[in-house]
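One structure is given here, and the rest of the page talks about it.
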Amino acid sequence: MQTSTRLLVDFLPGLILIYLCGDLVLGGIMLLTGLQFSLHVIEVISGLIAWGWFARKMLLHATLPREITLRRRATGFARDLGLGVALLLIAILLAHWVEQHAHTLLAALRQSGLIGGLGPGVFLVLPLFFLMLYAVARVRHARMIRSDGFTPM
């Protein structure tokens, strides 16, 4: 079986199971508490979970070089997590701004079928988030190249 087919066969059942469990948990929370979740929020969370699941499966199927020991700062994970949350909030705010200020563009996109009734929120948040993550990674990579390197042990 081809590698891409194996990846797809490994990826899809898990993703479907994650979405099913997520829907059941949200349905249970809504039944028990009466809270109503916005479809925008559910779709953005689903997209982030799918991205994480895909990245995990890609790494499991990848052929990687041998591991090297990296120097890690104690605050590295918390800082990166904070940066991710901040970038996600910025993406949400930018998508909301577009929804408020680009009525003619949105009407044209809806009429042509490029976006549905969910509006630009769901379809802009994830691409903006990933674009900003890419930009941050490029900046960090450029800084790392200029700084003193290290040799693996």
Side-chain angles (χ1 to χ4, degrees), residues 1-64 67 70-144:
M1 192 183 298
Q2 248 184 342
T3 305
S4 58
T5 307
R6 270 184 297 175
L7 175 64
L8 193 62
V9 167
D10 189 28
F11 172 72
L12 284 179
L15 186 65
I16 291 169
L17 186 64
I18 288 171
Y19 282 161
L20 179 62
C21 290
D23 285 346
L24 289 174
V25 167
L26 285 174
I29 291 172
M30 290 193 304
L31 275 175
L32 293 174
T33 64
L35 291 174
Q36 293 295 323
F37 295 101
S38 166
L39 191 56
H40 291 87
V41 172
I42 293 170
E43 292 297 322
V44 168
I45 291 172
S46 296
L48 291 173
I49 290 170
W51 170 66
W53 184 251
F54 180 73
R56 182 179 184 282
K57 289 300 176 181
M58 286 294 289
L59 286 174
L60 288 176
H61 286 268
T63 304
L64 302 172
E67 291 184 20
L70 297 176
R71 294 180 304 194
R72 294 181 187 252
R73 296 185 181 110
T75 61
F77 178 75
R79 186 185 64 229
D80 288 344
L81 185 63
L83 176 65
V85 169
L87 291 178
L88 185 60
L89 288 174
I90 291 169
I92 290 169
L93 290 173
L94 284 172
H96 182 69
W97 183 86
V98 167
E99 192 170 13
Q100 298 299 317
H101 292 88
H103 298 292
T104 55
L105 174 64
L106 293 177
L109 290 174
R110 279 193 180 104
Q111 188 172 357
S112 65
L114 291 176
I115 61 174
L118 291 178
V122 172
F123 299 103
L124 274 182
V125 170
L126 293 174
L128 284 171
F129 176 64
F130 294 130
L131 180 67
M132 289 186 290
L133 278 178
Y134 176 75
V136 167
R138 294 296 295 186
V139 168
R140 282 186 174 181
H141 181 71
R143 284 185 187 166
M144 186 178 71

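Quick note: residue numbers are just sequence positions, from 1.
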Quick note, salt bridge (charged side-chain N to carboxylate O under 4.0 Å, His left out) partners involving residues 81-97, not counting sequence neighbours, are none
Closest non-hydrogen contact found for V125 with A91 is O-CB, 3.6 Å
So CG of L24 and CG of L20: to nearest 0.5 Å the spacing works out to 4.5 Å
Applying side-chain contact (heavy atoms from CB on, under 4.5 Å) to A102 and not counting sequence neighbours gives V98, L105
Pairs under 3.5 angstrom only: tabulate donor-acceptor contacts from the side chains of residues 7-19 to other protein residues two or more places apart or in another chain.
unit_1	atom_1	unit_2	atom_2	d
D10	OD1	K57	NZ	3.4
D10	OD2	K57	NZ	3.3
D10	OD2	H61	NE2	2.9
Y19	OH	S46	O	3.2

Hits for ring-ring contact (aromatic ring centres under 6.0 Å, His included) against F130, two or more places apart or cross-chain, chain-then-number order -> W51
Exercise for the section: Using a cut-off of 6.0 Å, state whether more than 12 heavy atoms not belonging to F54 lie near its atom CZ. Expected result: no
Residues passing the side-chain contact (heavy atoms from CB on, under 4.5 Å) test with T33, sequence neighbours excluded, are I29, L35
Residues pairing under salt bridge (charged side-chain N to carboxylate O under 4.0 Å, His left out) where one sits in residues 23-34, two or more places apart or in two chains, turn out to be none
One should read off an interatomic distance between C21 SG and I49 CD1, to the nearest 0.5 angstrom, of 10.5 Å
Sorted by chain and residue number, the side chain to side chain donor-acceptor pair (under 3.5 Å) partners of R140 (sequence neighbours excluded) come out as D80
Residue set satisfying side-chain contact (heavy atoms from CB on, under 4.5 Å) with L94, at least two apart, ordered chain then number -> I90, L128
Sequence neighbours excluded, the answer for side chain to side chain donor-acceptor pair (under 3.5 Å) partners of W97 is H101
| said: Any non-hydrogen side-chain atom of L48 less than 4.5 Å from a side-chain atom of L88? | reply: yes
